[in-house]
Amino acid sequence: MHTISNEASAGRRRRRTHSAEFKAQVVAACSSPGVSIAAVSMAHGVNANLARRWVLQAERRGGAALARAANSAVLAAFVPVQLPVQLPPAEAEPAAIRIELRQGTTAITVSWPCAAASQCAAWMRELLR
């Protein structure tokens, strides 16, 4: 019994090659504090072992070349944007916490100012006791 199909594959599978900028991006992302190499490698579509190898190679070389490539890739991707400043109208109501309580056919709506959020939380704790 043969478990391999009789159809010939289209061609031999070849290794992918990655540019120095891509490797530098992955290494830079892996070097951020609290970041998992496995998560970074999954996000970039490479094997975690390969990403770890790139990190080790960068550490052995001092990381200067890969860091320069990463910085140029990051700078090329960064575009500053000016956002208009929108001030709230003077007659606008202050923000409020709105709580709706329903039990059967009875409904109660409470509106509490956001400035007194801690008092609202204490009131809710007492109410739900």
Side-chain angles (χ1 to χ4, degrees):
M1 170 184 233
H2 294 288
T3 57
I4 301 174
S5 69
N6 291 334
E7 297 176 16
S9 62
R12 204 173 138 184
R13 187 174 171 190
R14 300 185 189 260
R15 289 182 180 217
R16 294 187 300 175
T17 56
H18 301 282
S19 67
E21 286 112 10
F22 178 76
K23 290 178 184 181
Q25 267 186 321
V26 173
V27 169
C30 289
S31 64
S32 299
V35 174
S36 163
I37 291 179
V40 170
S41 61
M42 284 178 60
H44 287 85
V46 296
N47 188 293
N49 295 329
L50 183 59
R52 181 70 183 144
R53 183 182 315 149
W54 292 344
V55 169
L56 290 174
Q57 287 173 352
E59 288 173 356
R60 284 188 204 124
R61 290 187 199 128
L66 287 176
R68 280 193 303 273
N71 287 338
S72 66
V74 169
L75 290 176
F78 178 75
V79 178
V81 177
Q82 292 288 340
L83 297 176
V85 177
Q86 294 181 357
L87 299 174
E91 66 274 354
E93 294 180 19
I97 300 169
R98 183 176 174 183
I99 302 170
E100 292 184 22
L101 302 171
R102 294 180 189 216
Q103 185 172 6
T105 59
T106 307
I108 300 172
T109 302
V110 178
S111 185
W112 206 290
C114 284
S118 60
Q119 289 91 355
C120 179
W123 178 76
M124 285 296 295
R125 277 193 295 274
E126 289 296 319
L127 180 67
L128 295 174
R129 247 186 208 189

Pairwise distance CZ(Arg16) to CZ(Phe22) - rounded to 0.5 angstrom: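 Going from the CZ atom of Arg16 to the CZ atom of Phe22 covers 7.0 Å.
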
Single-linkage hydrophobic cluster, 4.5 Å side-chain cutoff, Trp123 and Ile97 together: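 Linked within one cluster.
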
Trp54 reachable from Met42 in the ILVMFWY side-chain graph, under 4.5 Å edges: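 Different clusters: Met42 never reaches Trp54 through Ile, Leu, Val, Met, Phe, Trp or Tyr contacts under 4.5 Å.
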
Within 6.0 Å of CD in Glu100, more than 12 heavy atoms from elsewhere: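 Yes, the 6.0 Å shell around CD holds more than 12 heavy atoms from other groups.
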
If you look at every heavy atom in [X] and [Y], which pair is closest and at what distance?
X	Y	value
Ala96	Ser111	CB-OG, 3.7 Å
Ala51	Ser41	CB-CB, 3.9 Å
His18	Lys23	O-CE, 3.6 Å

Positive for side chain to side chain contact (heavy atoms under 4.5 Å, CB included) with Arg53, one of Leu50, Val55, Asn49: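 When side chain to side chain contact (heavy atoms under 4.5 Å, CB included) is applied between Arg53 and each of Leu50, Val55, Asn49, only Leu50 qualifies.
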
Exam field: side chain Trp112 to backbone Ala116, donor-acceptor pair closer than 3.5 Å: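 Checking the backbone N and O of Ala116 against the side chain of Trp112, a donor-acceptor pair under 3.5 Å is found.
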
